[in-house]
Amino acid sequence: WFFDAELQMAVEKRLSIETDLHLAITNNHLELYYQIQMNGENIPIGAEGLLRWNHPDRGLVLPDEFISIAEESSLINDLGLWVLDSACRQLKIWQLNEKTRNLEIAINISAVQFKEPNFVETVQLYITTHHINPTNLKLELTESVALENLELVVIKMAKLKEIGVGLSLDDFGTGYSSLTYLKKLPFDQIKIDRQFVSHVATDISDAVMVKTIIGLANNLKMSVIAEGVETDQQIAYLKQYGCNLYQGYFFSKPIPIKEFEALIGLDF
Ligand code: C2E
Ligand code: MG
Ligand code: MG
């Protein structure tokens, strides 16, 4: 019954997260943080939007604590819509300023959300309603989207590309990473997972992985971005291997919008 008590606590924690998340959406406790993405010339190209939850009692809660719970119910769709809306709103603001009009925002799309029958129409609706340039919006998907019906996934992705949004393959190298999927799915970009990037300068096999992924991306005419870049040594290796886009603590952690705008030198 020791186990029972532990199990019960886990179930209760999960339930309270679910209840609280509903409140978070209605009470506006969600916030999109921005992590800068840089090119090889040290010029900001945009940011990845990462969801944060400002919990009234628990403080800042990171996505690892609530995304998977949200994915077990329709909550993930509500969160996903909130993020999409928030990113489009920001893009609209940036679009009106010539200093920021080319910046892109990448947002993470859960496989559960992608699977919704009307996902493509929803994305189109938000782009139209906010009057944003679709090419500045990038959707980050993981390979888990392809676990379902591959043909349907290909059709959906093709429709999204028709709309004009970018498609980036997140966490590449950690999942099944089937080359068949990669060839069939119309991604514009591959994100090299942090686990390889963090050892690119020190571990031969991780360096080989990174080189291979970059070669693959080049051959498939996809761009490639390294995530989790923390040192200039890692950048030197990535650059040498042909990767020219970077994101990681070396440049900045994910930060609130005001701090991000200060970081890129915007003053209001
Ligand atoms: P991800 O999309 O792979 O995001 C990258 C994660 O790595 C972020 O964690 C980021 O803070 C962290 N990171 C970035 N650079 C570095 C670095 O140099 N060093 C280290 N140690 N970490 C770095 P975060 O924000 O906690 O997000 C975790 C995951 O939660 C994300 O992984 C993504 O899968 C998911 N997530 C975040 N926001 C959303 C969202 O709006 N919707 C969905 N569906 N998932 C989200
Ligand atoms: Mg991501
Ligand atoms: Mg990632």
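One-based numbering, in listed order, for ligands and for the atoms of each. No hydrogens, no waters, no symmetry mates; every other heavy atom, side chains included, goes into these values. One is the number of the first residue; the rest follow in order along the sequence.
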Asn108 near the Mg ion (ligand 2) via N/O/S, less than 2.8 Å: yes
Any protein heavy atom nearer than 4.0 Å to atom 34 (O) of ligand 1: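 Given the 4.0 Å limit, the answer for atom 34 (O) of ligand 1 is no, no protein heavy atom qualifies.
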N/O/S atom name from Asp170 that is nearest to the position of the Mg ion (ligand 3): OD1
Nearest to the Mg ion (ligand 3) - the N/O/S atom of Asp171, by atom name: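 When I compare the N, O and S atoms of Asp171, OD1 is nearest to the Mg ion (ligand 3).
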What atoms in ligand 1 come closer than 4.0 Å to a heavy atom of [X]?
{"X": "Val229", "answer": "18 (O)"}
{"X": "Val83", "answer": "41 (O)"}
{"X": "Pro254", "answer": "11 (O)"}
{"X": "Ser110", "answer": "44 (N)"}
{"X": "Gln35", "answer": "14 (C), 15 (N)"}
{"X": "Gly248", "answer": "15 (N), 18 (O)"}

N/O/S from Glu227 sitting under 2.8 Å away from the Mg ion (ligand 3):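 Within the cut-off used here (under 2.8 Å), Glu227 does place an N, O or S atom near the Mg ion (ligand 3).
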The Mg ion (ligand 3) to nearest N/O/S of Asp193 below 2.8 Å: no
Touching ligand 1 at all, [X]? Heavy atoms, strictly under 4.0 Å?
{"X": "Gln113", "value": "no"}
{"X": "Glu48", "value": "yes"}
{"X": "Asp170", "value": "yes"}

Nitrogen or oxygen atoms of Gln247 and ligand 1 under 3.5 Å apart: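 So ligand 1 has no N or O lying under 3.5 Å from an N or O of Gln247.
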Any N or O of Ile109 closer than 3.5 Å to N or O of ligand 1: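 The answer is no, given that Ile109 and ligand 1 share no N or O pair closer than 3.5 Å.
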Ligand 1 contact on Arg52 by region, counting heavy-atom pairs under 4.0 Å: side chain
Glu65/Arg14 ion pair, N-O < 4.0 Å: no
Salt bridge (Lys or Arg N to Asp or Glu O under 4.0 Å) evaluation trace for Lys138 with Glu104: CA-CA 7 Å; Lys138 193 178 286 171; Glu104 299 172 354; 3.1 Å; yes
Reported NZ-to-NE2 distance for the pair Lys92 and His131, which is rounded to 0.5 angstrom: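 That separation rounds to 6.5 Å.
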Lys184 to Tyr181, cation-pi by 6.0 Å centre distance and 45° axis angle: no
